[in-house]
Amino acid sequence: DVIVSNPPYIKKEDYQVLEPELKYEPGNALTDERDGLTFYRIFSEIFPKMLNDEGKFFLEYALGQSEEIKKLFEEKYFVTILPDFSSIYRYLIGENRKSITHKAQK
């Protein structure tokens with residue numbers, strides 16, 4: 001019914017210059033060792049098979065990834081991009097387009 005994820009999303013080159021106070025985390029918790037979008041590409045393929053018609057998903061992503069993340073999901077889902085407490089857009093909520101259509105018809 002609900003999927004929530006905060007996967008490794010920091011780009012490899014950004015990880016190299018990350019603030020020292022964040023480096024206490026294991027590297028594989030922060031970076032995919034690529035462009036930061038690896039898990040979102042996987043999610044865009046598997047969520048349609050996993051998520052119920054009425055289900056939603058909530059994802060956190062890095063600063064500057066909004067458009068790329070949105071493009072991965074907007075074809076299959078109604079998506080909403082939300083800011084964090086610093087007004088930086090870093091959250092995506094996705095809802096199955098079928099459920100939106102179904103609700104509208106009721």
Report yes if some heavy atom in the side chain of [X] is under 4.5 Å from a heavy atom in the side chain of [Y]; otherwise report no.
X: Arg41; Y: Asp35; answer: yes
X: Glu45; Y: Lys76; answer: yes
X: Thr80; Y: Phe78; answer: yes
X: Tyr77; Y: Ser44; answer: no
X: Phe39; Y: Ser5; answer: no

Is it the case that over 12 heavy atoms from other parts of the model lie below 6.0 angstrom from the CG atom of Asp1? no
- Message: For Glu75, I'd like to know if atom CD has over 12 heavy atoms of other residues, nucleotides or ligands within 6.0 Å.
- Response: no
So, taking the atom named [atom1] in [X] and the one named [atom2] in [Y], what distance separates them when rounded to the nearest 0.5 Å?
X: Ile93; Y: Phe73; atom1: CD1; atom2: CZ; answer: 13.0 Å
X: Arg90; Y: Phe85; atom1: CZ; atom2: CZ; answer: 11.5 Å
X: Glu54; Y: Glu95; atom1: CD; atom2: CD; answer: 7.5 Å
X: Ile88; Y: Leu63; atom1: CD1; atom2: CG; answer: 5.5 Å
X: Tyr89; Y: Leu82; atom1: OH; atom2: CG; answer: 8.0 Å

Original post:
What about Phe58 and Ile42, same hydrophobic cluster or not, with Ile/Leu/Val/Met/Phe/Trp/Tyr joined at side-chain heavy-atom distances under 4.5 Å?
Top reply: no
On a heavy-atom basis, the closest approach of Tyr15 and Gly27 is OH-CA, 3.4 Å
In short, Ile3 meets Met50 closest at the heavy-atom pair CD1-CE, 4.2 Å
Tyr9/Leu59 under side-chain contact (heavy atoms from CB on, under 4.5 Å): CA gap, chis, key distance, verdict: CA-CA 11 Å; Tyr9 54 69; Leu59 304 174; over 6 Å; no
* Show your reasoning for whether side-chain contact (heavy atoms from CB on, under 4.5 Å) applies to Leu92 and Phe57. => CA-CA 8 Å; Leu92 181 133; Phe57 60 90; 3.3 Å; yes
Any sub-3.5 Å donor-acceptor pair from Asp53's side-chain atoms to Asn96's backbone N or O?
-> no
